[in-house]
Amino acid sequence: MDSSRGIMKKYLTYDDVQIVPRYSDIEHRKDCNTITRVTKNVWLDLPIVSSPMDTVTDFDMCMEMDRLGGMGILHRFQKSFEAGNTIDQFRHQKPDGTIGASIGVTEDYLKIAQRYVDCGAQVILIDVAHGHHKLVKRAVKEIKNEVKGTFDLLVGNVATAEATRDLCEWGADGIRIGVGGGSLCSTRIQTGVGLPMVSSISDCVAVADGYDVPCMGDGGVRSPGDVCKGLGAGADTIMLGSLLSGTKESPGEITKTGQWPNEILQKKYRGSASLDSKLDRGESKNVEGYSTTIPYKGKVERIVNDIMDGVRSSMSYVGAKNIQEYQARCEFVSVTPNGVSEAKPHLLTR
């Protein structure tokens with residue numbers, strides 16, 4: 001909403017837009033290069049990062065994401081020495097691998113960040129729901145000034161150009177974009193706060209590019225096509241939670257429901273601000289998320305390969321040989337509800 005109060009800008013999310021096909025000289029999607037930056041100094045072969053949720057990313061997910069070319073970021077809802085041990089174990093097995101770890105902005109965050117860097121984390125994520133906050137400002141400046149070693153600082157979550165400008169000025173090496181768009185997040189329902197992802201990414205990237213700070217889209221992704229749209233809107237990487245949950249490499253036990261031979265395999269998936277997650281941490285207030293069980297999906301490699309097949313195909317549709325060309329060549333059109341319906345396989349919508 002602008003300063004005239006009452007006049008609102010129309011914001012669009014993934015279902016609201018489609019990418020316009022363009023002339024292409026790409027002969028095969030395998031020729032499309034997907035190397036990208038997650039932060040100023042950390043590069044990935046794939047633009048995919050697993051979410052720091054306690055039912056998505058732990059040691060196994062970090063190992064597999066690195067093997068596939070992406071990156072995992074450890075969740076912060078564990079004792080710091082446990083996360084440090086996980087990073088150390090990862091570093092011993094993958095001396096040149098890429099791993100991140102998340103922290104908050106209260107308690108001993110400087111000590112924790114230093115421990116993670118000492119153990120070998122290349123990326124430290126300040127993981128808070130509202131990244132445009134004075135506590136984040138303090139934490140960014142203190143971490144950049146006082147934590148010793150080689151690392152980049154990824155900061156979020158934010159949703160506006162103003163917030164992005166401030167984070168870049170404070171010293172962030174990467175911006176995590178997305179407020180209220182997670183599959184188990186109830187922030188928009190309970191608070192009315194949040195912005196649709198495509199427009200939010202576009203606004204934030206327009207500012208971050210001026211600082212040479214990469215951006216990550218986080219939330220709202222339900223399909224490979226949504227990943228393509230997030231990248232096309234300008235995000236350098238896309239963070240995934242629900243799509244990677246329920247896989248072999250995600251934390252948690254596989255449970256069974258039903259009777260043999262028709263048993264259904266499931267795993268738990270929960271939001272970091274869900275009551276279930278908060279109770280495990282001895283908290284019960286400010287619940288803004290849900291928990292559920294989802295069907296077991298098997299190996300995460302299948303999910304990531306399907307997503308990247310979609311990304312490379314989308315790159316070939318617009319004639320882009322790399323992510324940077326893709327961002328430059330992507331043109332969006334807004335679509336009506338009928339267009340959203342038409343975009344789905346018709347036999348499955350009757």
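We count residues from 1, following the sequence as given.
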K.L.:
Shared ILVMFWY cluster between Ile99 and Phe151, side chains joined below 4.5 angstrom?
P.N.:
yes

K.L.:
Would you give the length of the straight line joining atom CG of Leu125 to atom CD1 of Ile73, rounded to the nearest 0.5 angstrom?
P.N.:
5.0 Å

K.L.:
So, applying side chain to side chain contact (heavy atoms under 4.5 Å, CB included) with Val158, which one of Val136, Leu195, Val128, Ile175 is it?
P.N.:
Ile175

K.L.:
Can you measure from CG (Asp306) to OG (Ser223) and round to the nearest 0.5 angstrom?
P.N.:
11.5 Å

K.L.:
Determine whether a donor-acceptor pair (N or O, by modelled atom type, separation under 3.5 Å) exists between the side chain of Asp209 and the backbone of Ala206.
P.N.:
no

K.L.:
Say you draw a straight line from CD1 of Ile19 to SG of Cys330; how long is it, rounded to the nearest 0.5 Å?
P.N.:
4.0 Å

K.L.:
Name all pairs fulfilling the salt bridge (charged side-chain N to carboxylate O under 4.0 Å, His left out) condition that reach into residues 139-163, sequence neighbours left out, sorted by first residue then second.
P.N.:
Lys144-Asp173

K.L.:
Any chance you could measure Leu167, atom CG, to Glu169, atom CD, to the nearest 0.5 Å?
P.N.:
10.5 Å

K.L.:
Walk me through whether Val38 and Asp236 qualify under side chain to side chain contact (heavy atoms under 4.5 Å, CB included).
P.N.:
CA-CA 7 Å; Val38 66; Asp236 299 281; over 6 Å; no

K.L.:
Hey, does the side chain of Arg91 reach the backbone of Ala121 with a donor-acceptor pair shorter than 3.5 angstrom?
P.N.:
no

K.L.:
Give me each pair satisfying salt bridge (charged side-chain N to carboxylate O under 4.0 Å, His left out) with a member in residues 323-334, each pair once, sequence neighbours excluded.
P.N.:
none

K.L.:
Taking the six-membered ring for Trp, are His133 and His130 parallel (under 30°), tilted (30 to 60°) or perpendicular (over 60°)?
P.N.:
perpendicular

K.L.:
Start with the C-alpha gap between Arg138 and Tyr109, add the side-chain angles, then the distance that decides, and say whether side chain to side chain donor-acceptor pair (under 3.5 Å) holds.
P.N.:
CA-CA 11 Å; Arg138 181 191 69 184; Tyr109 59 85; 3.2 Å; yes

K.L.:
Among residues at least two apart in sequence or on other chains, which ones pass side-chain contact (heavy atoms from CB on, under 4.5 Å) with Arg312?
P.N.:
Arg29, Cys32, Thr34, Leu46, Met308

K.L.:
For Ile143 and Ile103, run side chain to side chain contact (heavy atoms under 4.5 Å, CB included): C-alpha distance rounded to whole Å, both residues' side-chain angles, the deciding distance at 0.1 Å, then the answer.
P.N.:
CA-CA 11 Å; Ile143 290 169; Ile103 61 173; 3.5 Å; yes

K.L.:
Sorted by first residue and then second, give each side chain to side chain donor-acceptor pair (under 3.5 Å) pair with at least one member in residues 243-263; sequence neighbours left out.
P.N.:
Ser250-Lys267

K.L.:
Report yes if the side chains of Cys62 and Thr57 come closer than 4.5 Å at any heavy-atom pair, otherwise no.
P.N.:
yes

K.L.:
Should we count OH of Tyr317 as having more than 12 external heavy atoms under 6.0 Å?
P.N.:
no

K.L.:
What I'd like to find out is whether the side chain of Asn33 reaches to under 4.5 Å of the side chain of Ile323, using heavy atoms alone.
P.N.:
no

K.L.:
Run Asp203 and Lys9 through salt bridge (charged side-chain N to carboxylate O under 4.0 Å, His left out) and show every step you take.
P.N.:
CA-CA 12 Å; Asp203 282 359; Lys9 178 179 178 181; 3.3 Å; yes

K.L.:
Would you say Glu107 and Ser80 make side-chain contact, with heavy atoms under 4.5 Å?
P.N.:
no

K.L.:
side-chain contact (heavy atoms from CB on, under 4.5 Å) with Gln18: which residues, sequence neighbours excluded?
P.N.:
Lys229, Val333, Val335, Ala343

K.L.:
Under a 3.5 Å distance rule, please check whether Ser102 uses its side chain to pair with a backbone N or O of Arg76 as donor and acceptor.
P.N.:
yes

K.L.:
Below 4.5 Å, heavy atoms only, C-beta onward: do Asp127 and His75 meet side chain to side chain?
P.N.:
no

K.L.:
State, yes or no, whether a side-chain contact exists between Lys321 and Ile26 at a heavy-atom distance under 4.5 Å.
P.N.:
yes

K.L.:
Residues two or more places apart in sequence or in another chain: which of them pass side-chain contact (heavy atoms from CB on, under 4.5 Å) with Asn305?
P.N.:
Glu301

K.L.:
Any luck finding a side-chain donor-acceptor pair between Tyr269 and Ser242 under 3.5 Å?
P.N.:
no

K.L.:
Check whether any side-chain heavy atom of Asn322 lies under 4.5 Å from a side-chain heavy atom of Ile35, and answer yes or no.
P.N.:
no

K.L.:
With heavy-atom distances below 4.5 Å as the criterion, would you say the side chains of Leu12 and Lys10 are in contact?
P.N.:
yes

K.L.:
Grouping I, L, V, M, F, W and Y whenever their side-chain heavy atoms are under 4.5 Å apart, do Phe332 and Tyr326 come out in a common cluster?
P.N.:
yes

K.L.:
Looking at every heavy atom in both Cys215 and Ala208, which two are closest together, and how far apart are they?
P.N.:
SG-CB, 3.4 Å

K.L.:
Please round to the nearest 0.5 Å and tell me the distance separating atom OG of Ser51 and atom CE of Met61.
P.N.:
10.0 Å

K.L.:
If you round to the nearest 0.5 Å, how far is CD1 of Ile48 from CG of Leu243?
P.N.:
9.0 Å

K.L.:
For side chain to side chain contact (heavy atoms under 4.5 Å, CB included), just list the numbers for Gln122 and Asn41, CA-CA rounded to whole Å, side-chain angles, deciding distance to a tenth of an Å, and then say yes or no.
P.N.:
CA-CA 9 Å; Gln122 296 103 317; Asn41 303 295; over 6 Å; no

K.L.:
Contact between Arg37 and Trp43 at the side-chain level, heavy atoms closer than 4.5 Å - yes or no?
P.N.:
yes

K.L.:
Thr39 vs Leu153, test: side chain to side chain contact (heavy atoms under 4.5 Å, CB included). Steps then yes/no.
P.N.:
CA-CA 8 Å; Thr39 55; Leu153 190 61; over 6 Å; no

